[in-house]
Every structure is written in C-alpha cells, then in structure tokens.
Colleague: 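Let me give you the structure first, and then I'll get to my questions.
We name chains A, B, ... by the order of the sequence lines, and we start the count at 1 in each one.
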There are 2 protein chains.
Amino acid sequence: MPSKVPSSIKDGHTHKISEATVSRLPAYYRALSQLADAQQIRISSEELAALTGVSSAMLRKDLSHLGSYGTRGVGYEVEFLRYQISREMGLNQDWSVVIVGVGNLGRALAHYGGFGSRGFRVVALVDADQTLIGTKVKCGAEGKTVELLVHALSDLEDVIKETNARLGVVATPAESAQVVSDRLVKAGIRSILNFAPVHLSVPEGVDVRKVDLASELQILAFHEQRKAI
Amino acid sequence: MPSKVPSSIKDGHTHKISEATVSRLPAYYRALSQLADAQQIRISSEELAALTGVSSAMLRKDLSHLGSYGTRGVGYEVEFLRYQISREMGLNQDWSVVIVGVGNLGRALAHYGGFGSRGFRVVALVDADQTLIGTKVKCGAEGKTVELLVHALSDLEDVIKETNARLGVVATPAESAQVVSDRLVKAGIRSILNFAPVHLSVPEGVDVRKVDLASELQILAFHEQRKAI
DNA sequence: ACACATTTGTGCAAAAAAGCACAAATCGTC
DNA sequence: GACGATTTGTGCTTTTTTGCACAAATGTGT
C-alpha cells in the first residue's frame, strides 16, 4: 500500500471549480509568469493577491480548489504553481483560433501579442469583404509574426476543418454576428469570443464570452456620474 | 398637497443599484435602441430578456431598481424605457475620452464606431512613440470621422486639462500601464478602462475596468477542455 | 528537542446574486 | 361594468460569492 502518492496522480481534482474562480485564474497565471521571468522563486498569498488585486483569503481559497500546492509558513513556489494553473486551464496544449471579421478590430486582435501568449495561435482569418479576401495580414507580435491569407466567408466551414480551429472570434459588425455564430457552431466550434455588440444565441453546450467596449465605457460613466454628486 | 408628482421628480430613485444590474443595463439599452430604430413601440420583459440573454424575471427586477416604468398586462414602451436607462446611466450627457497608446489596439478603438456610440467621444490620443507623435489618426466610424493629432505622453496632463476628458483608456503595453494610470489619476481622471494585461492599482475613488483578451480566451479554453472529457 | 514566528488551508458567517411564484394592475371583450 | 387573459413588480427561497478567523503545518533559532 503506497503511503505517498505521486503528486501527478494525487491532484486529480475533478472538483467543480466555481465560475468566479475560473475568471480569476488567468490573472494569477499572468502574474506568476511575470514573477517567473523575474526569477522569483517563491511568493506568499498576500503578495500575489496584491499583484492581482484580490484579497489574500480569496486567492488562497481559489488556489485550494486546484489542489494543495502551497507550503504553510512559506508560500507558493512560483514556477510550480504557474504550471499547475496552466495545466488546469488547458494552457499546456495549443489552441487554434479563427478570427471572423478582419476590420480594424480583427486586425488589431490578429496583431495582438498577448493574444498569442502561450497556447493560443491565430490560424485563420475570414471576412466577407471582397476587397479584403486574398490579402495577407500579419499575425502575432514581434518575434514570430506570420502572414495569413484572408479567406472568404463562404469558405468558413472548410477553413475550420482544415485548420482544426477550436476557438472562434467574432469581430464582425453587429448585423452579421448571429449568422456568423450560427455557422461557426454548425462547423463544430463550441467556444466563441464575441466582440460584436449583440447577444449571440447559441445551442446548449456552446460557450460565448462577450467583450463589449461600449458597455464597459457606459458602466464607467454610470459610476463616474454618481461620483460628481 | 399634490397627489400626483411629476415623473421627473417622482423617479428620484437614489436606490443602491447593484453592480450586477449595472453591468446588464448597457445590454438592455442597446437592444432598446435597436428596437427603437426598427420603430417598435412596445416590448415585453420576456422578449427583451430573450434579446439580451437574461431571464425575464431578472430583467424585470433589474428594471424595477430604476423605477416602475412598465405597464402590467402590456409591457414596456421602448422609447420611454430607453430614455430612462440612458438618463440613469448618464448617457444623455457627453463623455470625453482620452486614449493613451495608439498602437494597433488603440487605433482600432479610436476607429470603433460603437465606441463613439451616443455619448462617448474620443477627444485626445496620446502615445510615447516619437514616430507616432504629431501624426493624425482617424477617429469615429463612417459618418462623422475626425482626425486627431497624436500628442506626446509628456503632455498628458495638459491634454487632459484642455480637452476636459473624464474617461481614460489605457491601451499601452503592460510595462507602461501602471505609470500611465498613475499620471491619469494625478491629472484628475477617476474612471479608467484598461486594456493592458496587468492589474492597475489606483487610489480609492478611482474606478478601473479591465478588458483582457487573453484572459477571455483562457477562460474559454478552460471550459472547452472540460467538454472534451 | 522545543518554543516561536509565519503562512497556508478551510469551516463558518455574511453578503450578493439569481430564481421562483404569485398577487396586483392593466387591457380587451362581452 | 364585470370577466378573463396578460404581464409587471416583488416577497421569499435558494444558490453563489465573498469575507473572517483560526487551527494545522512548516521553517528557524536556540
């Protein structure tokens, strides 16, 4: 009977991780990556919490859902914790992304370095605009930029099949977003990041996350207005 | 003693509106605007909820925090409700926005039509890059584009003072974000929209909202990974 | 070997958010 | 003018999230 189980097996937490926790893991991951780059070995929950803007108690509870990766009286090992989070979030595998809509925003997203940060790779660009189709667009930040051809919207399904894209980014005008979303889903995409200012209705089993610039400004304005009083 | 008070006074709800509600108001507002454009007069909570992806009960409770603007057995008047939300959120006044960082993302934001959607106007662009300073960048969507000069980061305080900007957008690399944020705050900005992938620490009384593309993708990846099992 | 200073992990309480169900109010019709 | 069909507004319950406080575990120094 083994009294000590290897950690790689022990930590098979299939715990239900709360949505609130999941939404904070990326921030922890990023902070830990920066600390690792800076050669820092260990960090306490208090410090990491300060770096990410949460309370230390919340941070500890979040991390405890992944497993018991800290050492009491000492703290967390930066590199080890970073790896555990990346594994939990599926960042040790490669995620291929298709961007639909190569307007100003779509191009900015394609360029965006942080986008391609470990694990995510833009593998296809699609647009409906005839003047854009066939043109080349630079993808990725400095270091390793790739030029990608803009494909026709009508080829969306084929492009997804060929590139094995699993994440879809909708950066089209609001009018076309729902149609594009429907086609992404039909082509097998089950995770969509939506930048178009509309609610996308999708069948169960498909996740949509929305990034809405105007909404964010409006929320800020709401609070700003109240401050003036 | 007046038995009926004018609605402009009656609805002086200084109720504490919950953060969750505030975050949904922009979606309601947008849907209502579209309905108004389509000349629709009335809408039920059920329909509006479907358009915005929330439950009808939640929608009604959200709206009830603003006042009693519906009619039982009938629904809500589109234009009236839209106006009430816009008033509550401070969208009937003009909000001037300064964008710091005119890289790919900053330019896309400046161009973004929805950004300038009712109430918000980009009034200044600032960057540290010498090769960008002095150049002109088109702002706003088709219809009424304005060319804005890119100002030097060293002039940030003056630019804010001259343009009376009240909202600040940080679209710089992560390294410079905190410094820029500090200067925005010192210049009087108390509402910041942060696109840089770092947590900004600001004094009490200052609001920061963060838009993080990589985080959103990571959250999607987390769920996508779980689906595969 | 033992006391002490840290720091994690977590049980429990409080607060916030979401969901349910139904009474109250309104409209159209007979 | 009363009745039935709708649809809002809301009290109450359930779930989720946050916050607190402290026991358990570790390292250090004597």
Colleague: Rounded off to whole Å, could you give me the CG-to-C1' distance for the B:Leu66 and D:dT10 pair?
Modeller: 15 Å
Colleague: Hey, is the side chain of A:Ser68 poking within less than 4.0 Å of OP1 or OP2 on C:dG9, counting only N and O atoms?
Modeller: yes
Colleague: Within this structure, what is the CD-to-C1' distance between B:Gln84 and D:dG9, rounded to whole angstrom?
Modeller: 16 Å
Colleague: Figure out the OH/P separation between B:Tyr28 and D:dT8, and round it to whole Å.
Modeller: 13 Å
Colleague: For A:Asp62 and B:Leu63, find the nucleotide of DNA chain D closest to each by heavy atoms; which residue's nucleotide sits nearer the 5' end?
Modeller: B:Leu63
Colleague: Scan B:Ser56 against the nucleic acid and name what it touches under 4.0 Å (heavy atoms): base, sugar-phosphate only, or nothing.
Modeller: nothing
Colleague: Take B:Ala20 and A:Gly75, find for each the nucleotide of DNA chain C with the closest heavy atom, and name the residue whose nucleotide sits nearer the 5' end.
Modeller: A:Gly75
Colleague: Would you call the rings of B:Tyr69 and B:Phe80 parallel, tilted or perpendicular if under 30° counts as parallel and over 60° as perpendicular?
Modeller: perpendicular
Colleague: For B:His65 and D:dG11, give me the distance from atom NE2 to atom P, rounded to whole Å.
Modeller: 10 Å
Colleague: Sugar-phosphate atoms are those with a prime plus P, OP1 and OP2; base atoms are the rest. Using that split, label each nucleotide of nucleotides 19-30 of chain C B, S or - for protein heavy atoms under 4.0 Å, 5' to 3'.
Modeller: B-B--BBBS---
Colleague: Could you check B:Glu204 against B:Arg190 for salt bridge (Lys or Arg N to Asp or Glu O under 4.0 Å), going step by step and ending with a plain yes or no?
Modeller: CA-CA 9 Å; B:Glu204 201 177 303; B:Arg190 284 183 301 176; over 6 Å; no
Colleague: I need the NZ-C1' distance between A:Lys16 and D:dT16, as an integer number of Å.
Modeller: 12 Å
Colleague: Does A:Tyr76 put a side-chain nitrogen or oxygen below 4.0 Å from OP1 or OP2 of C:dG9?
Modeller: yes
Colleague: Please identify each residue that fulfils side chain to side chain donor-acceptor pair (under 3.5 Å) with B:Ser86, with sequence neighbours left out.
Modeller: none
Colleague: What is the separation between atom CD on B:Glu77 and atom P on D:dT7, rounded to the nearest whole Å?
Modeller: 15 Å
Colleague: State, without any angle test, whether B:Arg42 and B:Tyr76 hold a side-chain donor-acceptor pair at a distance under 3.5 Å.
Modeller: no
Colleague: Where the side chain of A:Glu19 is defined as all heavy atoms beyond and including C-beta, which of D:dT17, D:dT8, D:dT10 is the nearest nucleotide?
Modeller: D:dT17
Colleague: Report yes if the side chains of B:Leu35 and B:Leu51 come closer than 4.5 Å at any heavy-atom pair, otherwise no.
Modeller: yes
Colleague: Using whole Å, what does the distance between atom C1' of nucleotide C:dT6 and atom CD1 of A:Ile43 come to?
Modeller: 16 Å
Colleague: Could you pull out all residues at least two apart from A:Gln178 that satisfy side chain to side chain donor-acceptor pair (under 3.5 Å)?
Modeller: A:Asp182
Colleague: Is there a side-chain contact between A:Gln218 and B:Leu25 in this structure, where contact means two heavy atoms from C-beta onward sitting under 4.5 Å apart?
Modeller: no
Colleague: Is the phosphate of D:dT8 approached by B:Ser45 (side-chain N or O, under 4.0 Å from OP1 or OP2)?
Modeller: yes
